[in-house]
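Presented below is the structure to which this report refers.
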Amino acid sequence: MDFSLIYRPNMTNSDRIIVPLDVPDLESAIALLDLLPEVNFWKVGLELFVSSGAEILGILQERQKKSFLDLKFHDIPNTVAGACRSASRYRVDLLTLHATAGRQAMTAAKAAISDLLSPPKLLAITVLTSLNARELALDLKIPLELSEYALNLALLAKESGIDGAVCSPQEVAQLRRVCGEDFLLVCPGVRPSWSSKGDQSRVMTPAQALKAGADYLVIGRPITGAEEPKVAWAKICQELADI
Ligand SMILES: O=C(O)c1cc(=O)[nH]c(=O)n1[C@@H]1O[C@H](COP(=O)(O)O)[C@@H](O)[C@H]1O
């Protein structure tokens with residue numbers, strides 16, 4: 001099913017790409033912002049936040065960029081709720097927590113930010129895109145098909161009042177069908193045909209992922225690890241302009 005023309009019609013397809021600042025320090029992050037002024041949506045994850053703190057979030061705001069704070073909270077309800085409230089202080093657009101923290105943690109997280117003027121949208125991580133079906137069954141002992149497990153976690157998040165989910169492009173069509181149009185679906189695990197998978201397992205190309213119903217694509221190393229990041233960015237935007 002092709003959802004790409006139905007969803008978010010006021011956005012260009014390049015507005016749907018989120019580039020992660022997966023770098024070890026603030027200087028490298030600023031260098032990437034300077035190199036890719038075309039990118040409007042950036043993700044700050046564990047590597048940069050742990051090394052450099054929140055300063056980058058202020059810089060993104062000054063530059064009028066959208067921001068996704070991806071700290072993947074996974075703890076007891078009281079702690080997850082407090083972390084979400086603290087993170088909301090940075091006025092980020094998106095914030096992640098793990099669906100496997102459970103219903104109470106997700107409900108508490110939502111409640112903890114509901115009185116804020118413009119709270120971030122909360123996204124629940126379903127099944128990390130680096131995992132494959134074999135690892136899920138043999139190592140993690142999850143007795144469900146991977147796609148069924150991802151769907152269950154997304155539905156649990158939705159029932160708990162969470163705004164959307166992070167999932168692999170391989171599950172996004174099913175999640176879109178079941179969770180509906182208003183549930184935000186963000187897909188990492190996106191690889192153009194000309195790039196390598198690295199540690200990602202469940203991948204699709206940018207065009208396939210958008211057509212399958214993703215709202216946003218997180219695309220990192222194919223752009224930031226390319227010899228010429230600007231060229232890689234332009235190539236992906238061109239591929240998406242053609243769908
Ligand atoms: O929450 C995420 O963004 C995330 C969830 C997931 O299941 N898989 C995943 O790769 N990510 C993040 O998405 C980005 C993917 O980067 P690349 O593999 O370089 O494209 C990284 O910053 C990961 O932390």
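Just so we're clear, the structure is a prediction, and the values are computed from it rather than from any experiment. In each ligand, atom 1 is the first atom listed, and ligand 1 is the first ligand listed.
Remark: minimum distance from atom 17 (P) of ligand 1 to any protein heavy atom is reached at R191 NH2, 3.5 Å. With hydrogens left out, the protein atom closest to atom 5 (C) of ligand 1 is P188 CG, 3.5 Å, a heavy atom. What sits closest to atom 24 (O) of ligand 1 on the protein, heavy atoms only, is K43 NZ, 3.5 Å. In terms of protein heavy atoms, atom 10 (O) of ligand 1 is closest to Q200 NE2, 2.8 Å. With respect to atom 14 (C) of ligand 1, the closest heavy atom belonging to the protein is V218 CG1, 3.7 Å. When hydrogens are left out, the protein atom nearest atom 1 (O) of ligand 1 is K72 NZ, 2.9 Å; that is the closest non-hydrogen contact. Atom 7 (O) of ligand 1 has its closest protein heavy atom at T129 N, 2.9 Å.
For E47, the salt bridge (Lys or Arg N to Asp or Glu O under 4.0 Å) criterion is met by no residue, not counting sequence neighbours.
At least one N or O atom of D22, backbone or side chain, sits closer than 3.5 Å to an N or O atom of ligand 1. Polar contact with ligand 1: absent for V166 (N/O pair, distance under 3.5 Å). Of the N or O atoms in R221, one or more lie within a sub-3.5 Å distance of an N or O in ligand 1.
Set against the non-hydrogen atoms of P20, the atoms of ligand 1 under 4.0 Å away are 22 (O). Within the listing of ligand 1, atoms 6 (C), 7 (O) sit less than 4.0 angstrom from a heavy atom of L128. Residue I125 approaches ligand 1 through these ligand atoms, each under 4.0 Å from one of its heavy atoms: 1 (O).
Taking the six-membered ring where the residue is Trp, the centroids of F41 and Y216 are separated by under 6.0 Å.
In this structure, N13 contributes its side chain and L240 its backbone to a donor-acceptor pair below 3.5 Å. D93 places a side-chain N or O within 3.5 Å of a backbone atom of S67 that can act as its donor or acceptor partner.
W194 and E239 share a side-chain donor-acceptor pair at under 3.5 Å. Residues Q208 and T205 bring a donor and an acceptor atom of their side chains to less than 3.5 Å of each other. For the residue pair T96/D70, the side-chain donor-acceptor check at 3.5 Å is satisfied.
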**Message:** Apply side chain to side chain contact (heavy atoms under 4.5 Å, CB included) to residues F68 and L123 and explain how you reach the verdict.
**Reply:** CA-CA 10 Å; F68 173 2; L123 298 177; 4.0 Å; yes
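If you look at D70 next to ligand 1, the close heavy atoms, those under 4.0 Å, all belong to the side chain. Residue contacts with ligand 1, taken as heavy atom pairs separated by less than 4.0 Å, do not involve D199 at all.
Within the structure, ring-ring contact (aromatic ring centres under 6.0 Å, His included) pairs that include any residue of residues 97-136 comprise H74-H98 (at least two apart or interchain).
When all heavy atoms are compared, the tightest approach of L136 to L146 is CD2-CA, 3.6 Å.
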